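Comments concern the structure below.
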2 protein chains.
Amino acid sequence: MLSYSEENHLKAIFHLSLNNESGVSTNSIASKMNSKAPSVTEMLKKLSEKNLVVYKKYQGVLLTDFGRKTALSVIRKHRLWEVFLVKKLNFKWDEVHDIAEQLEHIKSEKLTNELDKFLDYPTHDPHGDPIPNPAGFIKYTAKLVLSDLLIGETGKFFGVKDSSSSFLKYLDKREISLGSNIKVLHKEEFDESIQIGLDDTNLSISVKSAANIYVTKL
Amino acid sequence: MLSYSEENHLKAIFHLSLNNESGVSTNSIASKMNSKAPSVTEMLKKLSEKNLVVYKKYQGVLLTDFGRKTALSVIRKHRLWEVFLVKKLNFKWDEVHDIAEQLEHIKSEKLTNELDKFLDYPTHDPHGDPIPNPAGFIKYTAKLVLSDLLIGETGKFFGVKDSSSSFLKYLDKREISLGSNIKVLHKEEFDESIQIGLDDTNLSISVKSAANIYVTKL
DNA sequence: AAATTAATTTAGTCTTGCCTAAAAAATATA
DNA sequence: TATATTTTTTAGGCAAGACTAAATTAATTT
Ligand SMILES: [Mn+2]
Ligand SMILES: [Mn+2]
Ligand SMILES: [Mn+2]
Ligand SMILES: [Mn+2]
């Protein structure tokens, strides 16, 4: 039985290893966990002891298959609960993350699977992130970002990179929501802002925003 | 922000003080919590410090208004989640308690109240226990037990005293379920067993079982 | 290649929540 | 009322999970 802290460390290592194939550094884990390096080192020893990670001093760390599966089970719960909160309990997509951080640690396989069924087997959470299946399989979509599109191209908005509450609210205000088709109309040379077409309205967004919007090219 | 252990102690004290008006003993708390007396003493000092209980050495302990409200908020969550598990996720009434023990500690008032709404403001949990309202008000029903009924009287089954999994399964097997009307047909002198009528079937149950079945006399 | 800087680990400490064993207080019994 | 028993508290310790400061190793610069 893993502790919350062990589960959270596994999750952090999982997310970091998506960008860092070779090995995740102690400091990067500490910064993601809002903790300090010595706390991480200590945890890595424990996780290694339990065969959840492969760790050698000063060498960075990687998940074992078992560790990866465990991390994905926590992520599965996190995302299913987020769907539940939005779809069934009227939460906004910017309000669910912190509560899901608590709910992801509830231990009951039956609960997770019944919740999955109750939600009609959702494939993605409210921010467009894919939900792992019970076996720990996760289906990734190629990650193209709105700012990658050329002028004249159209993309379908399928997820956000940064799902901070402020960015999500920003999108809400502009009525840019998951599933929208976004056409790149113009790119301003001066400040790199991008004019986009959304249904019948046109608006201008910053590159920074555009770089946080995942799209599939249409 | 209270810890799980603090919340669980408050819950234990609340339940124990229903029978013990005057003050709850250290040992009784320890036994309900499956812990030892010194752990309880230490916790009582902390809860007292936080104005959740009134505690004087060797004098037993009682909840303050604040402590009582806090305990009831945890109990409210516990029972709402139990309703959710049974009504929405196909759990049996004997499977929900342990999961609710985890879920009762999730911190979000909005979550609790949205869940309440989603479940259509249930008044009782799957075992017939009343659900406190958001203000911490709880509506008790006079607790008459099946074995209190006289021969010829009929009672409506509204709750169980002992909600251990084994007793709940026992009731399931005999198809004695919440809401049933139960008529006392006969009491055997020899072993005190009770013959009851349920819909069209008759069956015999022990006094021990009958003493765990709450009824309202019809 | 040496020196400097950065990253990581070790050493030692603190808090929470639990425990056992011993002491003290309250209660029951002779 | 004195003694024995039970209950509760105190004393002291342990594990988990965090931290700071110091030491060590690795990486970068000169
Ligand atoms: Mn999230
Ligand atoms: Mn978490
Ligand atoms: Mn319960
Ligand atoms: Mn609990």
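Here is how names work: the chains are called A, B, and so on, in the same order as the sequence lines, proteins then strands, and each is numbered from 1. Fair warning: this is a prediction, and the values are worked out from it, not measured in the lab.
- Rounding to whole angstrom units, CG of residue A:N8 and P of D:dA18 are separated by 9 Å.
- As rounded to whole Å, 8 Å separates atom C1' of D:dA16 from atom CE of A:M43.
- At C:dT16, none of the side-chain N or O atoms of B:S5 fall inside 4.0 Å of OP1 or OP2 (strictly under the cut-off).
- The phosphate of C:dC19 (OP1 or OP2) has a side-chain N or O of B:S39 nearer than 4.0 angstrom.
- In this pair, A:Y4 and A:H105 present their aromatic rings parallel. The plane angle is below 30°, not in the 30 to 60° band.
- Defined by atom type and a distance below 3.5 Å, a donor-acceptor pair is missing between the side-chain atoms of B:D125 and B:W93.
- The shortest distance between the side-chain N/O atoms of A:K36 and the OP1/OP2 oxygens of D:dA18 is not below 4.0 Å.
- For the OP1/OP2 pair of D:dA18 and a distance below 4.0 Å, the side-chain nitrogens and oxygens of A:Y4 include no atom meeting the criterion.
- Atom CD of A:E42 is separated from atom C1' of D:dA16 by 8 Å (rounded to the nearest Å).
- Nearest to the side chain of B:K57, among D:dT10, C:dT10, C:dC18, sits D:dT10.
- At most 12 heavy atoms of other shown residues, nucleotides or ligands fall within 6.0 angstrom of atom NZ in B:K208.
- For the residue pair B:H78/B:H97, the side-chain donor-acceptor check at 3.5 Å is satisfied.
- Between B:T41 and D:dT9 there is a side-chain N or O to OP1 or OP2 distance below 4.0 Å.
- Across the protein-nucleic acid pair, A:Q59 atom CD and D:dT25 atom C1' stand 11 Å apart, rounded to whole Å.
- A cation-pi contact, defined as under 6.0 Å to the ring centre and within 45° of the axis, links A:K88 to A:F118.
- Residues from residues 11-32 of chain A placing a heavy atom under 4.0 Å of any atom in DNA chain D do not occur.
- Closest to the side chain of A:K45, out of C:dT10, C:dT9, D:dT9, is C:dT10.
- B:S31 and B:S28 form no side-chain donor-acceptor contact under 3.5 Å, judged by distance and modelled atom types alone.
- Distances shown here put every side-chain N or O of A:Y58 at or beyond 4.0 Å from the OP1 or OP2 atom of D:dA23.
- In the model, A:N27 has no side-chain atom that pairs as donor or acceptor with a side-chain atom of A:S25 under 3.5 Å.
- Straight-line distance from the CG atom of A:L2 to the C1' atom of D:dA16: 14 Å, rounded to whole Å.
- If you measure from atom NZ of A:K56 to atom C1' of D:dA26, you get 16 Å, rounded to the nearest angstrom.
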